[in-house]
A.B. asks: 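Encoded as structure tokens, here's the structure I'll be asking about.
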Amino acid sequence: MKVGILGFQGDYEEHARIFRSLGVDTILVKMPEHLELVDALVLPGGESTHFARIIKRYNLEEPLRAWNKPLLGTCAGLIVLASEVVDHHPGLTLGRLNVKVKRNAYGRQKDSFEAPVKVYLEGKEAEITGVFIRAPRIVEVGDGVDVIATLKDGEVVGVKQGNVIGLTFHPELSGDDIFHRYLIDMIPTVSP
Ligand code: GLN
């Protein structure tokens, strides 16, 4: 089993560290061919407008639209997975999650914050620490999308549509591996 992490920019190393602690190998994905080598993929946090440029430049746009294995996007990763982005620079929307997101919705870097996040997965509830860095806000949740994480006041900060997960925060920075474990669990096991 191998997990790919889009490896041009952003906090891919923190994601890799979490998978390593779970005993899972990772590779950095930079070319369409790399997608064939992995069973799940992470689009990390970073700068979504930059991701938009590199995804286009390295011909990853169509492969990412067609990718049907488990997929996790955190922060900037969520922004490129969304179906609609509210901003002067919307970048690229891969339309993998039927949500509308607003970039930098809590303000600038200095307005970054940590907050408790309630997680709802597989009928179970957990609480983790969410690290929000120039985070987007999920302003509309469309059909087919489940809410899997909220702030205490109910604000939606995590969604799932089929095997695609999007989070406005960074579980990899607080060291919470609940979503990484869930991503791995979504990889179908091949019977011998
Ligand atoms: N503000 C960034 C963007 O809009 C996202 C920040 C992050 O990934 N932590 O792309």
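Each ligand, and each atom within it, is numbered from 1 in the order the structure gives.
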A.B. asks: Among L97, V99, D146, which residue satisfies the side-chain contact (heavy atoms from CB on, under 4.5 Å) criterion with Q161?
C.D. replies: L97
A.B. asks: For the residue pair F132 and F169, does the interplanar ring angle fall in the parallel (under 30°), tilted (30 to 60°) or perpendicular (over 60°) class?
C.D. replies: tilted
A.B. asks: Could you tell me whether the side chain of T150 reaches within less than 4.5 Å of the side chain of Y120, counting heavy atoms only?
C.D. replies: yes
A.B. asks: Taking only Lys NZ, Arg NE, NH1 and NH2, and the carboxylate oxygens of Asp or Glu, determine whether E36 and K69 approach each other closer than 4.0 Å.
C.D. replies: no
A.B. asks: Can you list, by chain and residue number, every protein residue with a non-hydrogen atom closer than 4.0 Å to ligand 1?
C.D. replies: G45, G46, E47, S48, C75, A76, I79, R103, N104, I133, R134, H170
A.B. asks: Do T74 and H15 have side-chain atoms, one donor and one acceptor, less than 3.5 Å apart?
C.D. replies: yes
A.B. asks: Exactly one of V80, L28, L43, L35 should register a side-chain contact (heavy atoms from CB on, under 4.5 Å) with L6. Which one does?
C.D. replies: L43
